[in-house]
Amino acid sequence: MNFRTGLGYDVHRLTEGRKLIMGGVNIPYEKGLLGHSDADVLVHAIMDALLGACKLGDIGRHFPDTDPQYKDISSITLLKHVGTLLGKNGYRVINIDSIIVAQQPKMKAHIPQMEKNIANALGIPLEDINVKATTEEELGFTGSGEGIAAKAVCLVERIN
């Protein structure tokens, strides 16, 4: 068996006039994340972890923020593409563990739907996805409410 791990990280600034999308869920909040796509930091971190584990670059390589076709695109749509890319390159996802770092809003009530969205996008069992959330006790840019960050780690297996 050939197992590989990947690590992903993403951060976006909070701003007015944008929806807050996290794990494909529209979370009611007065601000959203600034970015070229929907700026879903959780899904971006997961995609980078998966691409890195398979030595396929990063999301900037596959979905450049200079390309107008990705303007305001759903990150869940991009995650589906990453899942297909992994399969074409002979990999399958074993599991993903992730964490959202945000002072506000609280994420707990939305996590089950985030996990379902991610599992569905990748075509893997729900039990293989874990999403957590934490604050930074009002420290740093996430603690002050300037932005939201996410980290993800994954395990993939080479299947051919």
Side-chain angles (χ1 to χ4, degrees), residues 1-15 18-27 32-102 107 110-111 113-134 136 140-142 146-160:
M1 290 188 214
N2 186 355
F3 295 104
R4 301 177 75 147
T5 60
L7 177 66
Y9 173 77
D10 196 38
V11 61
H12 284 272
R13 179 181 300 277
L14 281 164
T15 188
R18 296 265 304 183
K19 291 181 181 178
L20 178 58
I21 308 296
M22 194 71 53
V25 176
N26 185 358
I27 298 173
L33 293 170
L34 183 62
H36 186 67
S37 67
D38 64 6
D40 186 331
V41 294
L42 175 60
V43 173
H44 291 186
I46 289 169
M47 287 189 292
D48 267 345
L50 292 168
L51 290 166
C54 302
K55 199 168 178 1
L56 295 172
D58 61 20
I59 62 173
R61 175 177 153 195
H62 294 274
F63 316 110
D65 63 6
T66 55
D67 190 331
Q69 73 175 316
Y70 302 120
K71 179 74 173 137
D72 297 323
I73 195 168
S74 165
S75 294
I76 291 292
T77 298
L78 301 179
L79 181 60
K80 289 176 185 176
H81 178 76
V82 167
T84 300
L85 186 63
L86 266 60
K88 286 180 180 177
N89 282 275
Y91 291 95
R92 75 176 185 94
V93 179
I94 302 294
N95 79 310
I96 298 169
D97 187 29
S98 59
I99 188 162
I100 303 163
V101 184
M107 302 287 171
H110 306 287
I111 286 175
Q113 187 61 52
M114 291 178 200
E115 292 174 339
K116 287 178 190 171
N117 292 346
I118 294 162
N120 288 340
L122 292 170
I124 64 174
L126 181 59
E127 64 203 30
D128 295 337
I129 303 292
N130 190 56
V131 175
K132 306 175 296 289
T134 191
E136 288 192 305
F141 70 90
T142 62
E146 293 176 67
I148 295 178
K151 301 171 187 177
V153 63
C154 70
L155 180 65
V156 300
E157 180 182 19
R158 181 96 179 166
I159 53 177
N160 62 23

As an exercise, state the distance from [atom1] of [X] to [atom2] of [Y], rounded to the nearest 0.5 Å.
X    : Y    : atom1 : atom2 : value
I118 : I111 : CD1   : CD1   : 10.0 Å
M114 : K132 : CE    : NZ    : 13.0 Å
T15  : L20  : OG1   : CG    : 12.0 Å
D38  : M22  : CG    : CE    : 9.5 Å
N26  : I21  : CG    : CD1   : 4.0 Å
L50  : L7   : CG    : CG    : 11.5 Å

For [Y], does its backbone N or O pair with a side-chain atom of [X] as donor and acceptor, under 3.5 Å?
X   : Y    : result
R18 : L33  : yes
H36 : D67  : yes
D48 : I59  : yes
D97 : V153 : no
R4  : C54  : no

Test item: L78 and V43 side chains (from C-beta on) under 4.5 Å apart, heavy atoms: no
Is any side-chain heavy atom of R92 closer than 4.5 Å to one of I94? yes
D40 and K19 ion-paired at < 4.0 Å: no
I148 vs H12, side-chain contact (heavy atoms from CB on, under 4.5 Å): CA-CA, chis, key distance, verdict: CA-CA 6 Å; I148 295 178; H12 284 272; over 6 Å; no
Shortest non-hydrogen contact from [X] to [Y]?
X    : Y    : answer
V41  : A150 : O-CB, 3.5 Å
R158 : N89  : NH1-O, 3.0 Å
S75  : S37  : OG-OG, 3.8 Å
A102 : M107 : CB-CE, 4.2 Å
I27  : H110 : CG2-NE2, 3.7 Å
V131 : I100 : CG1-CD1, 4.0 Å

Between D128 and L122, is the side-chain contact (heavy atoms from CB on, under 4.5 Å) condition met? List the steps. CA-CA 11 Å; D128 295 337; L122 292 170; over 6 Å; no
With no hydrogens and no angle check, just 3.5 Å: does a side-chain donor-acceptor pair link H44 and D10? yes
Taking CZ in R13 as the centre, count heavy atoms belonging to other residues, nucleotides or ligands within less than 6.0 Å. Is the count above 12? no
Taking atom NZ as the centre, does K71 end up with more than 12 heavy-atom neighbours from other residues, nucleotides or ligands that are less than 6.0 angstrom away? yes
I would like to know whether H62 and V82 meet side-chain contact (heavy atoms from CB on, under 4.5 Å); could you show each step before the answer? CA-CA 9 Å; H62 294 274; V82 167; 6.0 Å; no
Could you walk me through whether F141 and V11 pass the side-chain contact (heavy atoms from CB on, under 4.5 Å) check? CA-CA 10 Å; F141 70 90; V11 61; 3.0 Å; yes
